[in-house]
Amino acid sequence: MKPRSCSSSTSRRALLVLLLCYLCSSVAMSQSTSDSCSSSSSLATAVSRLIPFDTSNLTCLDAWPSQGFVVRYGKSGQGTWSFVLSAPDAGGYVALGFSPDGTMVGSSAIAGWTTTAGGGGVGVAKQYRLGGTSPASCPPDQGSLALLPGTTLLAAQSSRLYLAFQFTSAQPPPPYLIYAVGPSGARISGNNNYLVRHKSYASAAVNYATGVASAAGGSSAFNARKWHGAMAGLGWGVLMPVGAALARYFRHHDPFWFYAHVSVQGVGFVLGAAGVAAGFKLNDDGADSHQALGVAVLIMGCLQVLAFLARPGKGSKVRRYWNWYHHYVGRAAVACAVANVFVGLSIAHEAAAASAFYGVFLAVCVVASVVLEVRLWRSAA
């Protein structure tokens, strides 16, 4: 029998040791880069030492499991709220925002990043007022959170980022938390710390008293602002002009024009009023003109409904004056509604394509009105 080679046995032992080292390092790395409320409700000692406030009794939320976001929060003293966001370091910024209705635009957020990819460099954390989707509309050091000086920071530990901050508020924070992840390698825009557009984001409703949060929903979820825009835009901005055109240019199709006019205007009024009601629930800064125009259109719409219910007979002496009132109030309502659609799109920071699409619709309506007006003049001559 041939004797066993000593070098072969040594090689197998070396391979076994290397394999065990690899497995141990993989497990250690997995443990160091993971964080969840099920594993521990409190931060690791090495992390808590980096944060300038007590983190031992914070409520823990597995906020955004698909992205590994964990949020810890608590209230102490006279309305002092503490928050710590834990998230994997993916090479971009991480952000935690507060919104009254679940939308990112119009909310206040704290964003943090490191100056070097992979958790190295200096940690930077700033408050932002998210005024839109472009970097210029998200300037730093603005927002509605009354941050406590010296408590806002970003710490990097074991391939995770820990964004910590405190603010004062006598009332609970807004009921929706906003989470965002910035694109890898693009933390800020230029030298002004303007945020670039996020890679992905989600929102969730939170009950701060019970520590219960809804599942984080992505950016495609409908919200009150979108319902407001859709209903008000369709009702006031589309159906009202169409209904007015039916009454103006199709009177020779009697009684079709009357029933079509009443039906289209009725549906437009209901949708528009519902859109205005949804708009009252929003809290958009700089929307005073939009709200004023919306209320004016609603009042004129109500006056038109009352005029329809109290219209005099065709043989009445006041019928002529009623017609003047009905026509001119209706035209004023349509003009204000069309203008308010563009104002609303501007406030909501919608893409230019939305305004262009509505502009094309109006252009088609104008061309059709000119053609029909010419035909109306010729038939009356």
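Any value given below was found using the heavy atoms of this structure, including those in side chains, with hydrogens, waters and symmetry copies removed.
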Residue pair H261 / R251, side-chain heavy-atom distance below 4.5 Å = no

Between W322 and Y325, does the ring centre distance come in under 6.0 Å?
-> no

Around atom CZ of R49, are there more than 12 heavy atoms of other residues, nucleotides or ligands at under 6.0 Å?
-> no

Please lay out, stage by stage, how Q157 and L50 fare under the test side chain to side chain contact (heavy atoms under 4.5 Å, CB included).
-> CA-CA 10 Å; Q157 184 77 17; L50 302 175; 4.0 Å; yes

Side-chain contact, heavy-atom cut-off 4.5 Å: L298 with C302?
-> yes

Non-hydrogen side-chain atoms of C60 and V70 separated by less than 4.5 Å = yes

Atom of V94, atom of A87 and distance for their closest heavy-atom approach = CG1-CB, 3.9 Å

All heavy atoms of A95 vs all of F69, minimum pair found to be O-CE2, 4.1 Å

Euclidean distance, S214 OG relative to L177 CG, rounded to 0.5 Å = 9.0 Å

Interatomic spacing from CD in Q304 to NE2 in H327 - rounded to 0.5 Å = 9.0 Å

Enter the distance from T152:OG1 to L154:CG here, rounded to the nearest 0.5 Å.
-> 11.0 Å

Centroid separation Y93 to Y128 less than 6.0 Å = no

Hey, do the aromatic rings of F308 and F269 have their centres closer than 6.0 Å?
-> no

Which atom names give the shortest non-hydrogen contact between T151 and P52, and what distance separates them?
-> CA-CG, 3.9 Å

Atom pair OH/CG of Y162 and L153 - distance to nearest 0.5 Å = 13.0 Å

Evaluate whether atom CZ of R375 has more than 12 neighbouring non-hydrogen atoms of other residues, nucleotides or ligands under 6.0 angstrom away.
-> no

dist Y201:OH -> L130:CG (nearest 0.5 Å) comes out at 10.5 Å

Taking every non-hydrogen atom, the tightest pair across F167 and P173 | CZ-CG, 3.8 Å

Look at atom OH of Y321 and say whether more than 12 heavy atoms of other residues, nucleotides or ligands are closer to it than 6.0 Å.
-> no

Heavy-atom closest contact (L345 atom, S355 atom, distance) = CD1-OG, 3.5 Å

Is any side-chain heavy atom of C336 closer than 4.5 Å to a side-chain heavy atom of W236?
-> no

Can you tell me how far OH of Y179 sits from CD of Q67, rounded to the nearest 0.5 angstrom?
-> 12.5 Å

Report the C-alpha separation of S76 and D54 in whole Å, then their side-chain angles, then the decisive distance to 0.1 Å, and conclude whether the side chain to side chain contact (heavy atoms under 4.5 Å, CB included) test is met.
-> CA-CA 10 Å; S76 61; D54 184 16; over 6 Å; no

Test side-chain contact (heavy atoms from CB on, under 4.5 Å) applied to F165 and L148, L147, L85, the passing residue | L147

With under 30° as parallel and over 60° as perpendicular, where do the rings of F250 and H252 fit, or are they tilted in between?
-> parallel

Starting from the C-alpha separation in whole Å, work towards a yes-or-no answer on side chain to side chain contact (heavy atoms under 4.5 Å, CB included) for H228 and D101.
-> CA-CA 12 Å; H228 162 69; D101 55 10; over 6 Å; no

Should Y73 and S82 count as side-chain neighbours, where that means a heavy-atom distance under 4.5 Å?
-> no

Residues A164 and V84: closest non-hydrogen pair is CB-CG2, 4.1 Å

For the residue pair F342 and L362, establish whether any side-chain heavy-atom pair is separated by less than 4.5 Å.
-> yes

W257 versus L246: any side-chain heavy-atom pair under 4.5 Å?
-> no

Report yes if the side chains of F98 and S144 come closer than 4.5 Å at any heavy-atom pair, otherwise no.
-> no

